[in-house]
Amino acid sequence: MKSDRLVESYQEKCAGIAFVSNPRDLAAHAVEGVPPAMVLQPRSEAEVSAILSWANEQHVPAVPRGGGTKMGLGRLFSQTQEFICLSLKQMNQIVEHDADNLTVTVEAGATLKDLQTRISEKRQFLPLDPPGSEDATVGGVLAANASGPRRFGYGSARDFVLGLRVVAPDGRLLKFGGKSVKNVAGYDMCKLFIGSFGTLGVIAEATFRLVPLPTTRRTVVQTFDSLEAASGAVRGLLASCLLPSAIELVDRVAADHIFPVCNLKADGSHAVAVLFEGFQDAVERQARELSNKNPGRFATLAPDEAERFWAALAGLLGSGTGGTRCKVSVPIASVAPIVAMATNLPAATVSHAGSGIVYVFIPPEASRPDRAVTRLRREAEDAGGHIVVESAPREVKEKADPWGKAGSAEAIMRRLRETFDPNGIMNPGRFIV
């Protein structure tokens, strides 16, 4: 269906639902350099329902989009396939903040930053801190199951979602879960949609459980002369009774980007940053104990310095510098070998060391980055883990699969996809083919 006919068909079936089709807006919503035929802007789940019902009837591929922070994820989109972009940024309202029950219900297009600001007024917060939180929307964070440094201390999105409202590819409205912690009789369908990358339907609304906002935060940064020494400090911390929210292992290249913003000197090969949160006495005691356990070069950052540190770290984790960014997930004991291998590629690394996640940044000037991805994948799989290419130039994705092998679960995932989306209109080819 050509663009003019597509617009005519859309206006006939979905009159009154905003859309744009000028070249500038289409280019801003391109997927892997391929612009959509139209950008649709629903303001409610009823409008999302009408759009998907029309797209399903017409067999028009649909790509949901929030803040665009995770659009680099996925296999290459066909350059010849006409598709629509479903922008959810107009659906950005907080439906209900039930502070007494520590829950919040919010539309999918609300940014995580705006949500945190609103609920902080009641001294509560949602401990999700993925890269790009200022622009990342609630729906996008859930669709990508995005997480950040605090995953170590609090868990991921699956641990905080109580309920979802989803629009199925044929336009049906689906409701899963509710406002209580135990609200599922049967399969937990919320968890199925988290990390589904928009292939099973469009998340329209989510209900989260919240936690009290910590009264005190302390960030302790220690620098070491070798990866072995830094890894030993991480192992000692994990074996202790200390309860940090985050443990980050950064190499010298990453430290050179992050440290200047908070007046730190990158004077070693690797550094370990530890975040403590909670009541003031407990936090300060743990920070002192950590410093006593690992004497040497360390600094406890002032609050404003700590804020700049974590913002710079998040900026690096979410950066799209034209190179290749990989997320390697392995058992925590295999973090150091992956970091060592990445150093020899050469590549920069930032690791959620307590969670077994290593971000590897292969620079754009690297020779054959696709081969580096293949080497990393082999090393990760040998350790019992896997690798996802989060962003990369088109030529890299043409040679290195961003997802890797799905294993024995692939057949089941295909059946799920076919059950929810028999016409294959949702993000076709990008995730489960």
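- Counted within 6.0 Å of CD on Glu134, heavy atoms from surrounding residues, nucleotides or ligands total 12 or fewer; the atom is thus considered open.
- Remark: Gln116 CD is packed, more than 12 non-hydrogen atoms of other residues, nucleotides or ligands lying under 6.0 Å away.
- Counting non-hydrogen atoms of neighbouring residues, nucleotides and ligands closer than 6.0 angstrom, the NZ atom of Lys13 exceeds 12 such neighbours.
- Enclosure of atom NZ in Lys327 by more than 12 non-hydrogen atoms of other residues, nucleotides or ligands within 6.0 angstrom is indicated.
- Looking only at atom types and distance, the side chain of His97 has no donor-acceptor partner in the side chain of Glu121 under 3.5 Å away.
- Closest approach of His386 to Val388, counting heavy atoms only: CD2-CG2, 4.1 Å.
- Checking Ser87 against Gln41 by side-chain atom types alone, no donor-acceptor pair falls below 3.5 Å.
- In this structure, a donor-acceptor pair under 3.5 Å is absent between the side chains of Ser53 and Asn56.
- Within 6.0 Å of CZ on Arg158 lie more than 12 heavy atoms contributed by other residues, nucleotides or ligands.
- Phe152 and Ser245 get closest at one heavy-atom pair: CB-O, 3.8 Å.
- In this structure, the side chain to side chain contact (heavy atoms under 4.5 Å, CB included) partners of Pro169, at least two apart in sequence or on a different chain, are Asp421, Ile425, Met426.
- Donor-acceptor pairing under 3.5 Å is recorded for the side chains of Asp251 and Thr349.
- Cation-pi geometry between Arg209 and Phe160 is met: under 6.0 angstrom from the ring centre, within 45 degrees of the axis.
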Next on the checklist: Please evaluate residues Glu418 and Arg414 with respect to the criterion salt bridge (Lys or Arg N to Asp or Glu O under 4.0 Å), reporting the C-alpha separation (whole Å), side-chain torsions for both, the decisive distance (0.1 Å), and the verdict.
Outcome noted: CA-CA 6 Å; Glu418 291 165 2; Arg414 286 179 185 272; over 6 Å; no

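- Seen from the ring of Phe125, Arg217 counts as a face-on cation partner, given the 6.0 Å and 45° thresholds.
- Ring geometry, Tyr359 versus His352: the interplanar angle exceeds 60°, so the pair is classed perpendicular (tilted spans 30 to 60°).
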Item to check | Verdict with supporting geometry, Glu45 and Arg165, salt bridge (Lys or Arg N to Asp or Glu O under 4.0 Å) | outcome: CA-CA 9 Å; Glu45 65 179 19; Arg165 291 178 68 90; 2.5 Å; yes

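- Atom CD of Glu57 sits in a crowded spot, with more than 12 heavy atoms from other residues, nucleotides or ligands closer than 6.0 Å.
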Checklist entry - Going through the distances and angles, do Asp256 and Arg252 end up as a salt bridge (Lys or Arg N to Asp or Glu O under 4.0 Å)? => result CA-CA 6 Å; Asp256 284 339; Arg252 179 59 182 268; 3.2 Å; yes

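- Just one of Leu128, Val141, Asn145 meets the side-chain contact (heavy atoms from CB on, under 4.5 Å) condition when paired with Ser156; it is Asn145.
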Next on the checklist: salt bridge (Lys or Arg N to Asp or Glu O under 4.0 Å) for Lys397 and Glu32? Distances and angles first, verdict last.
Outcome noted: CA-CA 10 Å; Lys397 288 191 175 184; Glu32 301 286 0; 2.4 Å; yes

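- The 12-atom threshold is not exceeded at CD of Glu12, counting heavy atoms of other residues, nucleotides or ligands nearer than 6.0 Å.
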